[in-house]
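Everything quoted here is computed from the prediction, not taken from an experiment.
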Amino acid sequence: FKQKTAYEIMPSLVGSEMCIRDSSATAAMWSGCQPFPPARLASAPRTTFEPQPLAADAVEGLQGLDYVVVGVYLLGVLAVGVYFSRHQSRSEDYFVGGRQMPWLAVGLSIMASLLSTISYLASPGEMIKNGPTMALAWLVVPFVFVVVSFVWLPFLMKLKLTSVYEYLDRRFGARAGKLASILFVFVLRLFWMGMVVLTASVAVADITYASMARLVGSDFGLQAWTLVVLTSVGTLATLYTVLGGIKAVIWTDVVQTVILIAGAILTLVIIVSDTGTGPVDWWNTMSDKAGGGHEFPPLWSWDLGERNVI
């Protein structure tokens with residue numbers, strides 16, 4: 001909100017989307033929302049506030065210090081790959097880290113592999129718009145960890161395998177191992193990884209385009225800049241992985257996990273500090289249907305149009 005004008009904000013009657021219009025506009029001209037019946041529109045809660053202009057650095061994108069941090073991080077990741085490429089002489093070092101990697105580092109690496117821009121961008125957006133039902137799926141994770149930690153990992157570690165596909169090859173034959181690897185790599189990982197890299201590149205391109213355009217001109221469009229970021233991210237990730245093997249992947253994942261978790265915690269701290277609210281307030285706002293919140297989803301439903309069920 002860059003202009004000093006009064007706005008009316010009303011929670012959408014179809015979800016948690018905020019519908020915004022200038023106070024001088026007509027009742028049916030809510031941006032991004034369907035026109036509402038006058039009776040429901042008149043009874044909806046409203047808040048009038050005076051928006052403040054955005055700071056100049058928030059409008060202009062990243063600044064010099066931001067790029068220094070990004071540059072140091074990217075060079076550090078590449079240096080990790082080069083370092084470990086010079087300290088491994090066996091294929092076992094390259095693929096399984098000589099079977100001597102610290103358990104905590106391996107655990108954090110697994111956590112990092114489960115987190116992505118989908119976790120940090122798509123999932124929060126889904127829950128803000130359609131409610132927190134998606135988060136209920138995480139309730140099963142502790143039970144999965146118990147089974148994996150006390151059943152599958154001890155069993156597989158005794159066999160000294162390089163991957164689970166090697167076990168499938170031994171147990172069910174070469175065809176089973178090859179089929180599983182093809183389905184996992186070319187169907188699941190290929191499309192999933194492509195989506196992760198794309199969403200990460202789109203986010204980075206959006207926050208860096210303003211400052212980049214000042215250097216090369218606005219003729220270089222956002223779509224072209226996104227393609228440059230996409231290619232750069234994919235090339236760098238492939239390069240340090242190929243050079244350093246699993247050791248480089250694990251230790252860079254450790255750094256990324258710390259950054260991701262610290263960033264999430266810091267975000268919550270800033271929100272609490274700036275708004276004076278907490279988890280209880282957030283839950284009450286989310287569950288207040290009259291104020292634009294969400295209904296608790298049904299336990300079970302055969303309706304294909306039902307977005308979420310428990």
Interatomic spacing from [atom1] in [X] to [atom2] in [Y] - rounded to 0.5 Å:
| X | Y | atom1 | atom2 | value |
| --- | --- | --- | --- | --- |
| Leu161 | Arg170 | CG | CZ | 5.0 Å |
| Ile250 | Phe84 | CD1 | CZ | 9.0 Å |
| Leu230 | Thr235 | CG | OG1 | 9.0 Å |
| Asp93 | Met101 | CG | CE | 10.5 Å |
| Leu227 | Leu198 | CG | CG | 10.5 Å |
| Tyr94 | Ser85 | OH | OG | 9.5 Å |

Testing the basics here: between [X] and [Y], what is the closest heavy-atom pair and its distance to 0.1 Å?
| X | Y | value |
| --- | --- | --- |
| Phe95 | Thr162 | CB-CG2, 4.1 Å |
| Asp206 | Leu222 | OD1-CD2, 3.5 Å |
| Leu243 | Gln88 | O-NE2, 3.5 Å |
| Leu115 | Ser119 | CA-OG, 3.5 Å |
| Leu108 | Thr257 | O-OG1, 2.9 Å |
| Asp169 | Ala174 | OD2-CA, 3.0 Å |

Please determine whether residues [X] and [Y] belong to a single hydrophobic cluster, defined as Ile, Leu, Val, Met, Phe, Trp and Tyr linked transitively by side-chain heavy-atom distances below 4.5 Å.
| X | Y | value |
| --- | --- | --- |
| Val249 | Val77 | no |
| Val255 | Leu75 | no |
| Leu236 | Ile259 | yes |
| Leu104 | Val80 | yes |
| Ile110 | Val148 | no |

What I'd like to find out is whether the side chain of [X] reaches to under 4.5 Å of the side chain of [Y], using heavy atoms alone.
| X | Y | result |
| --- | --- | --- |
| Val233 | Val204 | no |
| Val185 | Leu190 | no |
| Met111 | Ile261 | yes |
| Tyr120 | Leu260 | yes |
| Asp66 | Val70 | no |
| Val141 | Phe145 | yes |

N/O donor-acceptor pair under 3.5 Å between [X] side chain and [Y] backbone:
| X | Y | answer |
| --- | --- | --- |
| Arg99 | Lys160 | yes |
| Ser273 | Ile270 | no |
| Ser149 | Val146 | no |
| Ser109 | Ala105 | no |
| Ser181 | Lys178 | yes |

(message) Who clusters with Ile271? Use side-chain heavy atoms, under 4.5 angstrom, across I, L, V, M, F, W and Y, and order the result by chain and number.
(response) Leu268, Val272, Trp282
(message) Assess the residue pair Val228 and Phe220 against the criterion (side chain to side chain contact (heavy atoms under 4.5 Å, CB included)); give the C-alpha distance rounded to whole Å, side-chain angles, the decisive distance to 0.1 Å, and a yes or no.
(response) CA-CA 11 Å; Val228 171; Phe220 194 75; 3.9 Å; yes
(message) Within the supplied structure, the quantity of interest is the number of heavy atoms (other residues, nucleotides, ligands) at a distance under 6.0 Å from Trp192 CH2; does it exceed 12?
(response) yes
(message) Around atom CZ of Arg90, are there more than 12 heavy atoms from other residues, nucleotides or ligands closer than 6.0 Å?
(response)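 Atom CZ in Arg90 is crowded, with more than 12 foreign heavy atoms closer than 6.0 Å.
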(request) Could you tell me how the ring of Phe184 sits relative to the ring of Tyr165: parallel (under 30°), tilted (30 to 60°) or perpendicular (over 60°)? (result) tilted
